[in-house]
Number of protein chains: 4
Amino acid sequence: MNAAQQPASRARGRPRSQASEDAILDATLELLSDCGYRDATVEAIALRAGASKSTIYRRWPTKENLVIAAFARSPLLHAPARGDVCAQLSATIEQFARYMQETPLGAVLPVLVAERGRNPALDQALQPLVRQRREPLGEILTAAIARGELPAGIDIELAQDLLMGPVLQRIMVMGKRVDRPFIDAVVSNVCGGLRAAAGS
Amino acid sequence: MNAAQQPASRARGRPRSQASEDAILDATLELLSDCGYRDATVEAIALRAGASKSTIYRRWPTKENLVIAAFARSPLLHAPARGDVCAQLSATIEQFARYMQETPLGAVLPVLVAERGRNPALDQALQPLVRQRREPLGEILTAAIARGELPAGIDIELAQDLLMGPVLQRIMVMGKRVDRPFIDAVVSNVCGGLRAAAGS
Amino acid sequence: MNAAQQPASRARGRPRSQASEDAILDATLELLSDCGYRDATVEAIALRAGASKSTIYRRWPTKENLVIAAFARSPLLHAPARGDVCAQLSATIEQFARYMQETPLGAVLPVLVAERGRNPALDQALQPLVRQRREPLGEILTAAIARGELPAGIDIELAQDLLMGPVLQRIMVMGKRVDRPFIDAVVSNVCGGLRAAAGS
Amino acid sequence: MNAAQQPASRARGRPRSQASEDAILDATLELLSDCGYRDATVEAIALRAGASKSTIYRRWPTKENLVIAAFARSPLLHAPARGDVCAQLSATIEQFARYMQETPLGAVLPVLVAERGRNPALDQALQPLVRQRREPLGEILTAAIARGELPAGIDIELAQDLLMGPVLQRIMVMGKRVDRPFIDAVVSNVCGGLRAAAGS
DNA sequence: CAGTAATCGAGACGGTACGTCCCGTCTTTAT
DNA sequence: ATAAAGACGGGACGTACCGTCTCGATTACTG
């Protein structure tokens with residue numbers, strides 16, 4: 001079961017260079033940030049990483065996959081341990097909003113999303129990437145329910161959609177900036193709605 | 001009305017063919033739907049429309065603009081005249097969700113969004129397209145406030161984000177289908193939140 | 001029959017640029033001469049010709065075919081009108097030898113020859129190229145027979161092999177230079193042999 | 001004789017495997033024959049030989065040198081001891097023609113020749129290979145002169161060119177087959193020419 | 001018999017040319 | 001002036017191969 005994973009006798013041949021991989025992914029993020037998706041040429045990425053195109057294509061079959069891998073290394077959201085549920089949610093969402101607006105993720109996520117419909121493998125790769133960013137919200141909500149701050153019986157999945165949706169849509173689809181007051185308003189409304197639904 | 005458009009002396013030379021324009025926009029939508037954005041080549045569109053590339057580029061400066069023009073012909077959402085605010089909102093959003101999931105818009109919108117960051121002209125063109133789809137929600141909300149179904153002082157813009165965001169995000173980012181129960185849950189929660197906020 | 005060839009109504013669309021074609025073929029010969037076959041990159045040829053790779057590949061499917069086309073423009077051999085048969089043959093062969101040794105043809109012909117075995121289309125293209133260079137020898141021999149300088153009944157094809165073979169082999173296979181005395185010796189031997197065969 | 005090769009103390013470390021070397025050279029000839037020079041990848045040769053690329057490149061610096069080494073193992077031509085000079089020459093040349101037409105040598109020689117111009121080391125390696133195949137002709141001619149079958153004062157080198165040239169050219173450049181009657185005609189003509197030159 | 005040094009298979013690596021594809025423009029003739 | 005046809009310059013993509021390198025595993029000689 002886990003034996004398959006352990007390198008029984010170390011793979012033969014020259015091992016892949018972790019340094020190269022890191023340099024390539026870093027270069028990808030940098031160029032994405034500097035030039036955008038279209039102008040971040042695979043050749044330019046190779047050049048900046050001090051690697052060769054072969055090394056890139058040996059690891060990732062297409063440019064899209066490379067970009068996904070680069071973003072997969074982006075930091076997870078960190079839910080604060082203290083504060084009431086609204087403050088925790090706001091702080092967490094703000095991290096996400098900042099990441100979307102101040103790194104190339106904001107520019108690239110739509111492209112990945114667009115490509116996913118045509119590329120099932122990419123869909124598989126993108127799924128956990130997105131899901132992990134949402135997970136902290138679920139944990140906060142679960143804890144709040146346990147503390148009695150929110151009523152039991154809440155659909156966590158739905159709540160995540162209600163919280164993330166407006167932010168993502170405003171950034172991606174509307175092309176507007178998201179600031180703390182907006183996030184607070186969203187969180188406040190969603191929490192209010194959740195409590196009202198339980199009370200009815 | 002149309003007199004304003006028509007100059008003193010008609011433009012000289014052969015007039016542009018409206019038939020060509022329609023054929024091109026139809027072919028664009030069809031190919032987008034069949035092959036996705038990337039594989040919907042301008043050349044292929046011209047072929048299917050029985051037009052030539054020059055005819056296309058004479059009207060729209062880039063492929064992106066062509067695609068936007070094609071979508072600009074999509075029907076507006078139609079807010080039902082009767083029912084309480086929740087029912088009206090649900091029905092309207094359902095139209096939108098169906099349109100996103102059963103036409104190529106769902107696949108193409110992210111690409112347009114992605115390209116917009118790099119292309120201000122496209123941004124200008126995309127803005128009203130998106131805004132018009134949201135507008136009916138604003139009208140429903142305004143009327144509900146006037147009827148006293150919702151408290152006054154509601155931020156209409158925010159409410160639109162709260163309603164559309166979860167749906168768009170679920171379809172585009174999560175890659176899941178949106179059905180009527182989900183829409184009802186969103187609408188119910190948002191309305192509950194709006195009322196709770198007023199009550200507090 | 002010949003109607004198929006005549007441009008009844010001129011091919012539609014923008015015609016191919018003869019200037020581009022000439023520039024490309026010239027650049028090919030120049031680069032071949034400067035850098036050899038391997039280093040005469042298609043990209044470099046396009047650059048020097050002020051053309052694009054697309055334009056090159058639209059006309060010739062591979063680099064080999066491009067190179068053949070370039071050589072197909074090389075000048076034909078010119079048989080001198082006066083002199084006895086040996087002098088005429090020597091002069092003609094010397095033209096060929098000079099062309100082989102002072103232009104890139106000498107470096108490229110072997111590659112074409114090598115590729116031919118694997119590429120029937122290339123074979124078809126190379127055949128007349130080679131044959132035309134030999135033809136003047138046949139004419140000289142035929143005229144000499146008519147004048148009585150050589151006996152009738154000579155196998156012209158064989159005689160061409162006997163004359164060209166030693167020169168080509170010395171240049172291509174042995175990698176040595178061919179000078180006038182060598183050519184004279186070959187011609188003298190072949191003519192002597194042809195006369196001796198008739199006399200026996 | 002072989003003592004000169006063997007140093008005072010044998011080289012240290014694991015000795016090179018003769019079996020590998022043989023397998024590599026055999027695989028080279030086979031693949032050359034099956035696929036031609038270009039498609040006979042070093043990697044494919046290694047695979048078929050059950051060797052690794054390092055083992056190949058440790059012995060031969062480039063692919064060209066490997067190919068030459070493979071051909072260097074081809075059998076020398078064997079001059080028959082009996083018969084008149086024409087019969088001996090014909091028999092010897094026929095061996096060569098058969099070897100050129102029924103082994104990959106015919107396909108590869110032009111490539112080696114082409115590459116030689118750009119690679120002096122390869123030139124050094126190719127020279128003896130070619131020369132050895134011609135040598136038997138020289139011996140036959142020398143013996144014939146000694147026997148009085150051919151006049152003294154013949155330029156042996158030239159005679160070799162006259163004999164081999166037409167055959168090589170017909171096979172390589174013209175892409176035609178060479179049969180015994182053709183060889184006989186060449187030999188007969190050359191011998192006739194040599195005798196005629198002496199008589200004049 | 002343990003140590004050392006060169007070889008072996010495997011396969012990753014940098015580099016570079018190839019040939020394909022598409023975009024947006026330009027140049028024809030025909031309407 | 002616009003239309004269809006299609007060539008053009010430009011430039012990214014992904015593939016393939018070369019010759020080098022880095023691994024762990026052999027295989028002989030050597031102290």
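Per chain, numbering begins at 1; letters A, B, ... match sequence-line order. Keep in mind that this is a model prediction, so the values were computed, not measured.
Residue C/R12 has its side chain nearest to F/dA5 when only F/dA5, F/dC23, F/dA12 are considered. The side chain of D/S52 sits closest to E/dG9 out of E/dG9, F/dC18, E/dC22.
Rounded to whole angstrom, the span from the CZ atom of D/R16 across to the P atom of F/dA28 amounts to 16 Å. C/N65 has its CG atom 13 Å from the P atom of E/dC18, to the nearest Å. The distance between atom CG of A/L47 and atom P of E/dT16, rounded to the nearest whole Å, is 11 Å. Taking atom CD on D/E43 and atom C1' on F/dT15, their separation rounds to 13 Å, with Å as the unit. Rounding to whole angstrom units, CD of residue C/E64 and C1' of E/dC18 are separated by 10 Å. When the C1' atom of E/dT25 is taken as reference, atom CZ of C/R14 falls 8 Å away, rounded to whole Å. When rounded to the nearest whole Å, the span between CD1 of D/I45 and C1' of E/dG9 equals 17 Å. As a whole-Å value, the separation of B/L66 CG from E/dC23 P is 10 Å.
A heavy-atom distance below 4.5 Å is found between the side chains of C/D22 and C/R73. Side-chain contact check for C/I24 versus C/W60: some heavy-atom pair is nearer than 4.5 Å. Between A/L66 and A/Y57 there is no side-chain heavy-atom pair separated by less than 4.5 Å.
Salt-bridge formation is not detected for the pair A/E21/A/R16: no Lys NZ or Arg NE/NH1/NH2 atom is positioned less than 4.0 Å from an Asp or Glu carboxylate oxygen.
When heavy atoms are screened at a 4.0 angstrom cut-off, B/A51 is found touching the sugar-phosphate backbone but no base atom. Within the 4.0 angstrom heavy-atom criterion, base atoms lie near C/S54.
Of the inter-residue distances, the one linking C/D39 atom CG with C/D34 atom CG reads 11.0 Å to the nearest 0.5 angstrom. If you take CG on A/L29 and CZ on A/F71, they are separated by 5.5 Å, rounding to the nearest 0.5 Å.
Judged by the 6.0 Å and 45° rule, A/K63 forms a cation-pi pair with A/Y37.
Annotation: proximity of residues 18-32 of chain C to DNA chain F (heavy atom, distance under 4.0 Å) is found for C/S20, numbered in ascending order. DNA chain F lies under 4.0 Å from at least one heavy atom of each of the following residues of residues 55-62 of chain C: C/T55, C/R58, C/R59.
Heavy-atom neighbours of B/Q127 CD from other residues, nucleotides or ligands within 6.0 Å: above the threshold of 12.
Residues satisfying the salt bridge (Lys or Arg N to Asp or Glu O under 4.0 Å) test with C/R14, not counting sequence neighbours, are none. Applying the salt bridge (Lys or Arg N to Asp or Glu O under 4.0 Å) rule to C/R58 yields no partners; only residues at least two apart in sequence or on another chain are considered.
When each of C/G13 and C/K53 is assigned the nucleotide of DNA chain F with its nearest heavy atom, C/G13 is the one assigned upstream, toward the 5' end.
Inter-axis angle, ends of the helix from E/dC1-F/dG31 to E/dT31-F/dA1, five pairs per end, rounded to 10 degrees: 10°.
Between D/T41 and F/dC17 there is a side-chain polar atom (N or O) within less than 4.0 angstrom of OP1 or OP2. In terms of phosphate contacts, A/K63 brings a side-chain nitrogen or oxygen within less than 4.0 Å of OP1 or OP2 of F/dC13.
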Donor-acceptor contacts under 3.5 Å from residues 44-53 of chain A side chains, at least two apart:
unit_1 : atom_1 : unit_2 : atom_2 : d
A/R48  : NH1    : A/E30  : OE1    : 2.7
A/S52  : OG     : A/T55  : N      : 3.4
A/S52  : OG     : A/T55  : OG1    : 3.2

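Minimum heavy-atom separation, C/A70 to C/T28: CB-CG2, 3.9 Å.
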